[in-house]
Protein chains: 2
Amino acid sequence: MSKPAEVTLTDLVGQDCCAPINAGRMPAPAAVALAPAFKALGDPVRLQLMSMIASADGGEICVCDLTPAFELSGPTISHHLRTLREAGLVSAERRGSWVYYQADPLVLRLLGGLLGTPVAVAG
Amino acid sequence: MSKPAEVTLTDLVGQDCCAPINAGRMPAPAAVALAPAFKALGDPVRLQLMSMIASADGGEICVCDLTPAFELSGPTISHHLRTLREAGLVSAERRGSWVYYQADPLVLRLLGGLLGTPVAVAG
DNA sequence: TGTCAACCTCGACACATGTCGAAACCAGCT
DNA sequence: AGCTGGTTTCGACATGTGTCGAGGTTGACA
């Protein structure tokens with residue numbers, strides 16, 4: 001066990017949340033776990049994909065509705081969706097011929113709570 | 001004016017906030033403006049730098065306190081700080097021999113509110 | 001005014017990322 | 001069983017990113 005401090009996003013979600021970003025230095029393991037999620041949101045296409053998935057009616061949306069919404073090739077959209085999936089932000093489910101994507105609201109809330117800085121300035 | 005739809009982070013902060021990510025497809029200009037901020041947070045070192053700056057006593061912290069906190073060269077830390085600066089997340093101020101960095105709480109709150117989904121489910 | 005320290009910029013390199021076309025895979029239909 | 005349409009994976013290429021060492025700029029201090 002050379003890397004006992006490894007932490008996953010799911011671990012952090014399980015703890016309900018970690019400390020907000022203005023509550024002291026973030027531990028390196030948490031930073032390593034969280035950075036990929038923010039990085040995944042660091043692209044305009046993925047940000048729009050994420051918003052479409054997160055706001056989808058019924059909590060899920062078909063890839064066949066996502067792909068034509070951009071002027072990008074199918075493989076490129078698939079690549080971005082994979083990035084979101086590997087970052088733990090969305091999950092995919094195949095049903096019949098189509099694949100449906102759903103957002104993970106807990107992870108989104110985790111990230112949001114991290115930045116939220118709920119008026120902490122104690123003004 | 002070939003690109004009339006260009007939007008800056010400051011514009012978005014000025015509007016107090018844009019719609020949360022689960023409230024419909026994010027407009028492309030907003031996505032283009034927001035993505036660099038998330039991308040800047042998409043690195044473990046910058047996430048830790050950000051947390052140290054945002055939680056600094058007095059709202060600011062000296063570079064001379066940041067650099068020795070990582071096993072990275074000075075130029076590398078400077079590069080990451082520049083990335084955070086260009087993303088609009090922090091600002092720098094020179095005072096005497098040292099440079100002090102401060103976080104922009106409004107931008108952090110904007111990003112957080114975007115993801116925060118503040119219990120909107122009304123459960 | 002000269003010297004020193006802190007910080008940034010520049011140039012360079014290895015590696016990761018965004019994008020595409022071609023091909024493989026998977027489920028449904030005839 | 002074979003064909004068809006939808007989605008992902010593979011291979012390739014141009015571009016962007018993280019890191020460093022060397023050098024420049026700024027301000028303090030003797």
**Message:** Taking 4.0 Å as the cut-off, does a side-chain nitrogen or oxygen of T76(A) come that near to OP1 or OP2 on dC20(C)?
**Reply:**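 T76(A) to dC20(C) OP1/OP2: side-chain N or O found under 4.0 Å.
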Residues 29-45 of chain B side chain polar contacts: donor-acceptor under 3.5 Å, at least two apart:
unit_1: D43(B); atom_1: OD1; unit_2: V45(B); atom_2: N; d: 2.8
unit_1: D43(B); atom_1: OD1; unit_2: R46(B); atom_2: N; d: 3.3

What nitrogen or oxygen pairs link the protein and nucleotides 7-13 of chain C at under 3.5 Å?
unit_1: dC7(C); atom_1: OP1; unit_2: C64(B); atom_2: N; d: 3.1
unit_1: dC8(C); atom_1: OP1; unit_2: Y101(B); atom_2: OH; d: 2.8
unit_1: dC8(C); atom_1: OP2; unit_2: S78(B); atom_2: OG; d: 3.2

**Message:** Once salt bridge (charged side-chain N to carboxylate O under 4.0 Å, His left out) is applied, what residue pairs with a partner in residues 24-35 of chain A remain, sequence neighbours excluded?
**Reply:**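 Non-adjacent pairs meeting salt bridge (charged side-chain N to carboxylate O under 4.0 Å, His left out): zero.
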**Span of DNA chain D in contact with chain B (heavy atoms, under 4.0 Å)** =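 Going 5' to 3' along DNA chain D, contacts run dT17(D) to dA28(D).
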**Prompt:** Do any pairs count as a disulfide (SG to SG under 2.5 Å) and have a residue in residues 68-111 of chain A, sequence neighbours left out, and if so which ones?
**Reply:**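 Pairs touching residues 68-111 of chain A that pass the test: none.
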**Request:** Just grab all the disulfide (SG to SG under 2.5 Å) pairs involving residues 84-114 of chain B, residues at least two apart or on different chains.
**Result:**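 Of all non-adjacent pairs touching residues 84-114 of chain B, none passes disulfide (SG to SG under 2.5 Å).
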Please list, chain by chain and in numerical order, all residues satisfying side chain to side chain contact (heavy atoms under 4.5 Å, CB included) with [X], sequence neighbours excluded.
X: T8(A); value: T10(A), D11(A)
X: R85(B); value: R82(B), V90(B), A92(B), Y101(B)
X: S97(B); value: none
X: L66(A); value: L49(A), M52(A), I53(A), I61(A), L81(A)

**Message:** Do S51(A) and I21(B) make a side-chain contact, defined as non-hydrogen atoms from C-beta onward lying under 4.5 Å apart?
**Reply:**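 Yes. Closest side-chain heavy atoms under 4.5 Å.
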**Residues that E71(B) engages under salt bridge (charged side-chain N to carboxylate O under 4.0 Å, His left out), provided they are two or more places apart** =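 Scan of E71(B) (salt bridge (charged side-chain N to carboxylate O under 4.0 Å, His left out), adjacent residues dropped) gives none.
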**Message:** Which residues in residues 34-55 of chain B have a heavy atom closer than 4.0 Å to any atom of DNA chain D?
**Reply:**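 Residues of residues 34-55 of chain B under 4.0 Å from DNA chain D: K39(B), D43(B), R46(B).
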